[in-house]
Protein chains: 4
Amino acid sequence: MKTKRQLQKEHTRKKIIETAYQIYSEQGFSATTAVIAKEAGVSHGTIFAHFSSLDELLCCLIQDFGDALGSEIHRLAETKDNIEELLKTHLDLLARHEKFYIRLIAERSLLPEDARLTFSNIQSIVAFHFNKAFERESSTIKDVPIPLLFNTWMGLVHYYLLNKDLFSPDTPVLERYGSKLTETFLELIKK
Amino acid sequence: MKTKRQLQKEHTRKKIIETAYQIYSEQGFSATTAVIAKEAGVSHGTIFAHFSSLDELLCCLIQDFGDALGSEIHRLAETKDNIEELLKTHLDLLARHEKFYIRLIAERSLLPEDARLTFSNIQSIVAFHFNKAFERESSTIKDVPIPLLFNTWMGLVHYYLLNKDLFSPDTPVLERYGSKLTETFLELIKK
Amino acid sequence: MKTKRQLQKEHTRKKIIETAYQIYSEQGFSATTAVIAKEAGVSHGTIFAHFSSLDELLCCLIQDFGDALGSEIHRLAETKDNIEELLKTHLDLLARHEKFYIRLIAERSLLPEDARLTFSNIQSIVAFHFNKAFERESSTIKDVPIPLLFNTWMGLVHYYLLNKDLFSPDTPVLERYGSKLTETFLELIKK
Amino acid sequence: MKTKRQLQKEHTRKKIIETAYQIYSEQGFSATTAVIAKEAGVSHGTIFAHFSSLDELLCCLIQDFGDALGSEIHRLAETKDNIEELLKTHLDLLARHEKFYIRLIAERSLLPEDARLTFSNIQSIVAFHFNKAFERESSTIKDVPIPLLFNTWMGLVHYYLLNKDLFSPDTPVLERYGSKLTETFLELIKK
DNA sequence: TATGAATGAGAGTTCATTCAT
DNA sequence: GATGAATGAACTCTCATTCAT
C-alpha cells in the first residue's frame with residue numbers, strides 16, 4: 001500500500017519521463033530541460049529533484065523505453081514460430097514507437113555513453129529472437145551467416161526510418177513501406 | 001584572369017572547408033567554429049567573411065564533399081560493368097572517406113535542412129549507377145524492385161558504418177567487413 | 001513537567017544542532033541544509049520546522065557553542081590564578097573544539113550578522129578573564145595596554161589556527177604548536 | 001608598438017580586474033561574475049573571453065595584487081634599516097589596500113587552491129624582509145625564535161583587520177590603530 | 001579582405017525554502 | 001511535529017555571430 005505522496009512522486013517522475021519522450025520524439029534530443037519542465041507542467045528544478053542530471057534523465061528514459069520494447073518483443077516473439085511473422089511483429093512494434101525510435105537511431109551519437117549502452121542491450125534481445133527463428137528455418141533460407149542476415153534486416157529497416165523525410169515525410173514510414181520491406185527481405189533470403 | 005586578392009580569398013575559403021572536414025571527421029558536427037578557425041590558422045571572423053553562417057559553411061562543405069564523391073563515383077562506375085565490381089568500388093570509395101561519411105550519416109539530423117538535401121542528392125547519383133547495373137544483370141538476380149535492392153545494400157553498409165563502435169571500434173569498419181558485406185549481398189540477390 | 005512531544009521536539013532540535021556542528025567542522029559553512037538533514041536522520045523540512053531559516057540555525061548553533069565555551073572558560077578560569085595557567089587552559093579549551101573553531105574564525109564573514117555578533121560575545125568573556133589575570137600580574141609584565149596584550153595573544157593563536165594548512169596540515173595545530181605559543185607570549189610580555 | 005586593438009583588449013582586461021578588485025573589496029568573494037561584468041560595463045560573456053573561468057579570474061586578480069604588493073614591499077623595505085620603520089612601512093602598505101586585503105584573509109578558505117597558493121607566496125616575501133631586520137637587530141630584542149616574532153606581528157595585524165567591524169566599523173582600522181600596533185609590538189619585543 | 005574582441009541569449013545545475021500531507 | 005516533493009531564482013559557462021579596426 002503506497003502513501004499518497006509516494007504516488008504523487010511516482011506520478012511526477014512518470015510525467016517527466018513521458019513528456020521527455022514526447023518532446024524528444026518531436027524535437028530530437030537537443031530539446032532542453034527547461035522545455036521539458038514547462039511542457040510537463042513542473043518547475044525546472046523538479047527535473048533535477050528526480051534525476052541528478054540531464055544524462056541520467058536520458059538514461060532512465062531510454063532504459064524505460066528499452067525495457068518496454070524488450071518485454072513486448074519477448075511476449076510477441078514467443079507466439080510467432082516463423083520468420084515472416086517475426087518480421088511483421090518487429091515492424092508493428094517499431095511502428096508503435098516510430099518517432100522516438102527514429103530519434104534514437106538518428107541521434108545515437110549525441111547520447112551519453114550509458115544511454116547508448118542501454119540501447120545496445122535492446123538490440124541484442126531482438127537479435128536473440130531472430131537468431132532462433134533463422135536457425136529453425138535454416139533449411140529454406142540462403143547459406144549466409146545468421147548475424148549478417150540479421151544485420152541486413154536491421155540495416156534495411158533503419159535505412160527507411162533514418163530517411164523517413166525522403167521516403168515518407170508526412171505519414172509513418174513503416175505504415176507505408178513495412179510490407180514491402182518484409183516481402184523484399186523474405187524474397188532475398190529464401191533459397 | 002583572377003586578381004591576386006581573389007586567389008587569396010579562394011585559398012582561404014578552401015583552407016576553411018578542408019579544415020572543417022578534418023575537424024568534423026574527428027570530433028563530429030558539434031565542433032565549434034572557433035576550433036575550426038584556430039585549426040585552419042585564420043581568425044574566427046574570417047569564417048563569417050566567407051560563409052554567412054555556420055549553416056552555410058556546412059552546406060558548402062557537404063556540397064563540396066558531395067560533388068567530389070559524385071564525380072568519383074561517376075568516373076569509377078563507368079569502367080565497371082558488373083554488380084560485384086560496382087559494390088567493391090562503392091565500398092572503396094566510402095572507405096577513403098569513412099570517418100567523415102560516418103559523421104554525416106550519424107549526425108544527419110543535426111544538419112541544417114539544406115545540408116541534408118545536398119547529401120540526399122549524392123545518394124541519387126549512387127542510385128543511378130546501381131540501377132543501371134542491376135538492370136543489366138536482372139536475369140541473374142532475384143525479382144525484387146530495384147530501388148529496394150539498392151536500399152538493402154545502402155542499409156547494410158550504413159548499418160555497419162553507424163555501428164562502427166560495436167563492430168570495429170579501432171580500425172576502419174569497411175576494411176574489416178567490406179568483403180563480407182559484398183559477399184553477403186551478392187549471395188542474397190542471386191537467384 | 002514536559003509532555004512526550006515536547007521532549008521529542010527538543011531531542012530533534014538538539015540532534016540537528018549537533019549534526020550541524022559536526023558537518024560544519026568537517027566541510028565548512030558552505031555545507032547544505034540537505035546534507036545536515038540527511039546526516040541528522042531527519043527530513044529536510046524538519047530543519048525549517050525548528051529554525052525559521054538557515055541563518056537562524058547558524059545563530060542558534062553558534063549561540064549554543066558560545067554558551068558552552070563561555071561556561072567552560074568561566075569554570076576553568078576560576079581555578080587558575082596566573083597568566084601561564086590561563087593561557088594553557090585557553091588553548092586546551094580551543095584544542096577540544098579546534099576544527100569547529102577554525103571554521104568559525106575562517107569563514108566568519110560568510111555568517112549572518114547575528115551569528116557574527118554572537119561569536120563576538122564569546123570573545124568578551126575570554127577577554128574578561130584575561131584582563132583580570134593581567135591586572136593581577138601587572139607588576140611583572142610589560143607596560144602595555146591590557147586590551148592590546150589580549151589582542152596580541154588572540155592574534156597569535158588565531159594566526160596559527162587560520163593557517164593550519166601551512167603549519168600543521170594533518171595534525172591539530174594547537175597540539176603541535178600550543179606550548180611554543182604560550183612560551184613565546186610569556187617571554188614577550190615579561191618585563 | 002601596440003596596435004589599437006591590443007590596447008583595447010588590455011584595457012578591457014584591466015577594467016575587469018580592477019572592477020573585480022573593487023567589487024570583491026566591497027562585497028567579498030561571493031560577488032557574482034554577472035555583477036562584475038555589469039559594473040565593469042562589459043557583457044557577461046566578455047569576462048569569459050578574458051578568463052577561462054571564475055577561478056582563473058580570481059587567480060589572476062590575486063596574482064596581480066600579490067605582484068604589486070610584493071614589489072612595493074621590496075622597494076620600500078630596501079630603504080628601511082630598522083624594525084620600527086619596517087613595521088610602519090608594512091602597515092602603510094596594507095592600509096593602502098585594506099579593504100581588499102581584509103577580504104583576502106577573511107575569505108581565504110573560499111578561494112580556489114591556486115589563488116590561496118599565490119597569496120601564500122606574497123606572505124613569504126614579507127617574511128623574508130622581516131627576518132633580515134630581526135636578525136640585524138637581534139641584540140636589542142628578546143630571545144624568541146624569529147618566525148614566532150614574525151607570526152606574532154602578522155597575527156596582531158590580521159586580528160585587527162579581521163575584526164575591523166568591532167574595532168573600527170566606519171574608518172579604516174589601520175589608520176586608527178596602526179601606530180598603537182607598532183608601539184605595542186616594539187615594546188613587547190624589546191629586551 | 002581579414003581580424004578578433006565583444007556580445008548576450010540560453011544552457012544545465014544548485015539549494016534554501018514552502019506547504020500539502 | 002515531522003515529512004519530503006516541489007519550487008524558482010540565481011549561478012557559472014558556451015558559442016555563433018557582429019563590427020570597428
Taking only nitrogen or oxygen atoms into account, show me every contact under 3.5 Å that the protein makes with nucleotides 18-20 of chain E, one pair per line with its distance.
none

| query | Looking at E:dT3, F:dA6, F:dA2, which one has an atom nearest to any side-chain atom of A:Thr12? | reply | F:dA6
Check: [Y] and [X] side chains under 4.5 Å, non-hydrogen atoms:
X	Y	result
B:Val35	B:Gln27	yes
A:Leu104	A:Leu111	yes
D:Tyr101	D:Ile122	no
A:Phe119	A:Leu69	no
B:Ile17	B:Phe51	yes

Using a cut-off of less than 4.0 Å, is there contact between a side-chain N or O of [X] and OP1 or OP2 of [N]?
X	N	value
B:Thr46	E:dT3	yes
B:Ser43	E:dT3	yes
D:Ser53	F:dT12	no
D:Gln8	E:dA6	yes
A:His11	F:dA5	no

| field | Donor-acceptor contact below 3.5 Å, side chain B:Glu56 vs main chain B:Ser53 | value |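 A pair under 3.5 Å: no.
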Between [N] ([atom2]) and [X] ([atom1]): distance, integer Å:
X	N	atom1	atom2	answer
B:Glu56	F:dT17	CD	P	11 Å
B:Ile36	E:dG4	CD1	C1'	17 Å
A:Asp55	E:dG12	CG	C1'	10 Å
B:Ile47	E:dT1	CD1	P	17 Å
D:Arg13	E:dA6	CZ	P	12 Å
D:Phe51	E:dA5	CZ	P	13 Å
A:Lys38	F:dG8	NZ	P	13 Å
D:Leu58	F:dT12	CG	P	10 Å

| task | Give DNA chain E the dot-bracket treatment, 5' to 3': Watson-Crick (N1-N3 with N6-O4 or O6-N4) or G-U (N1-O2, O6-N3) under 3.5 Å, [ ] crossing, | other strand. | result | .||||||||||||||||||||
| task | Decide if the gap between the ring center of C:Phe100 and the ring center of C:Tyr24 is smaller than 6.0 angstrom. | result |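 No, the ring centres sit 6.0 Å or more apart.
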| task | For B:His50 and B:Thr12, test the side chains for any donor-to-acceptor distance below 3.5 angstrom and give the result as yes or no. | result | no
| request: Please step through side chain to side chain contact (heavy atoms under 4.5 Å, CB included) for the pair D:Glu98 and D:Ser25, ending with a clear verdict. | output: CA-CA 9 Å; D:Glu98 187 174 301; D:Ser25 294; over 6 Å; no
| How are the rings of D:Phe65 and D:His97 set relative to one another: parallel (under 30°), tilted (30 to 60°) or perpendicular (over 60°)? |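 Perpendicular, since the angle between the ring planes exceeds 60°.
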| Taking for each residue the nucleotide of DNA chain F bearing the nearest heavy atom, is the 5' side occupied by A:Val42 or by B:Leu54? |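 The residue whose closest nucleotide sits nearer the 5' end is A:Val42.
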| Out of curiosity, D:Thr3 OG1 to D:Leu7 CG, how far, rounded to the nearest 0.5 Å? | 6.5 Å
| said: Atom CD of residue position A:Glu39 - does it have more than 12 heavy atoms of other residues, nucleotides or ligands inside 6.0 Å? | reply: no
| task | Could you identify which residues of residues 15-34 of chain A place a heavy atom less than 4.0 Å from some atom of DNA chain E, listed by residue number, or say none? | result | A:Thr32, A:Thr33
